[in-house]
Trainee: 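Here's a structure for you.
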Amino acid sequence: MQCVILAGGLGTRMADAHPGLPKSMITVAGRPFLELQLDLLRRGGVEEAVICVGHRAGRIEEHFGDGRSFGIRLVYSREEEGLLGTGGALRQALPLLRPEFLLLYGDSYLEVDCRSVFAYFSRVDGPVLMTVFRNRDRWVKSNAAFQNGRVTVYNKSSGSGGLEYVDYGLSVLSRTIVEEIPGGEFSNLDRLYQRLAGEGRLAGLEVFRRFYEIGSPEGLAELRHHLEVEKPAPVE
């Protein structure tokens, strides 16, 4: 399995508390956050990660190199001329992508079985499988409707209401759908997912362990408590 990690964002909400660091290098449980992500992926059977880097990419590449010492092969897709957005970054990585691959947000810590998610993709009709969690606005604002194995609505606008599920942060995509993303311009994956949901082409898989994230100070504090105080059992 291959996983693309979107790790090129500016991390503006975290910049004041962690000056000079990309989000992926923020220390959690004594280690850079990306190390924790790679551990989860490696234990889940992922052999290669494509890291989409932008902001302070050198810090990430210098620490992780080719990934050999972390037990996983790493390659990098660099946003050389400014940020491209999540969709644009993925489109730029197109030459590195396998026919089917996992996609992980760079600030998400997800205790989920990657093998099961990837295997489920082979049984769905559609170019994208999104894992969803019944959030009910508890930890973040919910942004999806899910029914009968399909994400029927996907909307991250602040005015959307009545949605119970949230994009969990891990998806499986076919390489062919990435070709539909416009190249060379700022583009977010939100637009692609919203369109596919409207067309009935966005498959969904419900997961049941809550997500953690480091995109906000509150999220970072929750993850640190989870790993350092609660000390959960490893995900296998």
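Residues: numbered from 1 along the sequence shown. Note: hydrogens, waters and symmetry copies are ignored here, and every other heavy atom, side chains too, is used.
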Trainee: Between L34 and L170, is there a shared hydrophobic cluster once you connect ILVMFWY residues whose side-chain heavy atoms come closer than 4.5 Å?
Mentor: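 Yes, one cluster joins them.
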
Trainee: Between Q37 and S108, is there a donor-acceptor pair closer than 3.5 Å when you use the side chain of the first and the backbone of the second?
Mentor: yes

Trainee: Do the non-hydrogen side-chain atoms of L227 and Y109 ever get within less than 4.5 Å of each other?
Mentor: yes

Trainee: First locate atom CG of L96, then atom CD of Q2, and finally report the distance between them rounded to the nearest 0.5 Å.
Mentor: 7.5 Å

Trainee: So which heavy atom on F186 is nearest to which on N188, and how close?
Mentor: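 That closest heavy-atom pairing would be CE2-ND2, 3.8 Å.
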
Trainee: Let me check something: do V53 and I5 share a hydrophobic cluster, defined by ILVMFWY side-chain heavy atoms less than 4.5 Å apart, either directly or through other members?
Mentor: yes

Trainee: Which heavy atom of F101 sits nearest a heavy atom of V4, and at what distance?
Mentor: CD1-CG2, 3.6 Å

Trainee: Working to the nearest 0.5 angstrom, can you tell me the gap between L103 CG and S171 OG?
Mentor: 6.0 Å

Trainee: Kindly determine whether L84 and Q92 satisfy side-chain contact (heavy atoms from CB on, under 4.5 Å), including the steps that lead there.
Mentor: CA-CA 9 Å; L84 300 172; Q92 182 166 279; 3.3 Å; yes

Trainee: Can you check side-chain contact (heavy atoms from CB on, under 4.5 Å) on E100 and L129, steps first, answer last?
Mentor: CA-CA 11 Å; E100 298 172 348; L129 170 67; over 6 Å; no

Trainee: Under a single-linkage definition using a 4.5 Å side-chain heavy-atom cutoff for Ile, Leu, Val, Met, Phe, Trp and Tyr, are V75 and L90 assigned to the same hydrophobic cluster?
Mentor: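 Looking at the clustering, L90 is in the same group as V75.
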
Trainee: For residues E111 and P232, determine if any side-chain heavy atom of one lies less than 4.5 Å from a side-chain heavy atom of the other.
Mentor: yes

Trainee: Once you round to the nearest 0.5 Å, how far does CG of D125 lie from CZ of R150?
Mentor: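 One finds 5.5 Å between CG of D125 and CZ of R150.
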
Trainee: Taking all heavy atoms of T86 and all of L189, pick out the closest pair and write down the distance.
Mentor: OG1-N, 2.8 Å

Trainee: Mind checking whether W139 and V166 have side chains closer than 4.5 Å, heavy atoms only?
Mentor: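 No, their side chains stay 4.5 Å or more apart.
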
Trainee: So how far is it from N143 CG to Q194 CD, rounded to the nearest 0.5 Å?
Mentor: 10.5 Å

Trainee: Does some side-chain heavy atom of Y76 sit less than 4.5 Å from a side-chain heavy atom of I60?
Mentor: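 In contact.
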
Trainee: Enter the distance from S174:OG to E179:CD here, rounded to the nearest 0.5 Å.
Mentor: 8.5 Å

Trainee: Return the set of residues passing ring-ring contact (aromatic ring centres under 6.0 Å, His included) with F70 (not counting sequence neighbours), or none when no residue passes.
Mentor: H63, F64

Trainee: Quick check: closest heavy atoms across K23 and I214, and the distance to 0.1 Å?
Mentor: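 Scanning both residues completely, I find the closest heavy atoms to be O-CD1, 3.3 Å.
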
Trainee: Is there a side-chain contact (heavy atoms from CB on, under 4.5 Å) between M1 and R98 once you walk through the steps?
Mentor: CA-CA 9 Å; M1 289 185 292; R98 297 183 185 180; 5.8 Å; no

Trainee: Work out which heavy atom in A93 is nearest to a heavy atom in V50; give both atom names and the distance.
Mentor: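 Closest approach of A93 to V50: CB-CG1, 4.4 Å.
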
Trainee: Quick one, E180 and R195 - any side-chain contact, counting heavy atoms below 4.5 Å?
Mentor: yes

Trainee: Are any side-chain N or O atoms of E206 and backbone N or O atoms of V132, one a donor and one an acceptor, separated by less than 3.5 Å?
Mentor: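 Here the side-chain-to-backbone pair does not exist.
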
Trainee: Using atom types as modelled and distance alone, determine if a side-chain donor or acceptor of T131 lies under 3.5 Å from a backbone N or O of L205.
Mentor: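 It does not hold such a pair.
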
Trainee: Is it possible for you to say whether V128 and L6 belong to one hydrophobic cluster, with membership spreading through side-chain heavy-atom contacts below 4.5 Å?
Mentor: yes

Trainee: CD of E199: more than 12 outside heavy atoms within 6.0 angstrom?
Mentor: yes

Trainee: Does any part of the side chain of H225, heavy atoms only, come nearer than 4.5 Å to the side chain of E230, both counted from C-beta?
Mentor: yes

Trainee: How close do G87 and I181 get, heavy atom to heavy atom, and via which atoms?
Mentor: O-CG2, 3.5 Å

Trainee: Is R175 reaching over with its side chain to a backbone N or O of L94, donor-acceptor style, under 3.5 angstrom?
Mentor: yes

Trainee: Just say parallel, tilted or perpendicular for the rings of Y168 and F133, cut-offs at 30° and 60°.
Mentor: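 Aromatic pair Y168/F133 classed tilted.
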
Trainee: Given side chains that start at C-beta, do those of K156 and D167 come closer than 4.5 Å, heavy atoms only?
Mentor: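 Heavy-atom side-chain distance check fails, nothing below 4.5 Å.
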
Trainee: Given side-chain contact (heavy atoms from CB on, under 4.5 Å), test E35 with D39 step by step and report yes or no.
Mentor: CA-CA 6 Å; E35 282 192 20; D39 269 358; 5.7 Å; no

Trainee: Indicate yes or no: at least one non-hydrogen side-chain atom of Y154 is less than 4.5 angstrom from one of L196.
Mentor: no

Trainee: Output the distance between atom CD (E61) and atom CG (L74), rounded to the nearest 0.5 Å.
Mentor: 10.0 Å

Trainee: Are L102 and V124 connected in a single hydrophobic cluster, I mean Ile/Leu/Val/Met/Phe/Trp/Tyr linked by side-chain heavy atoms less than 4.5 Å apart?
Mentor: yes

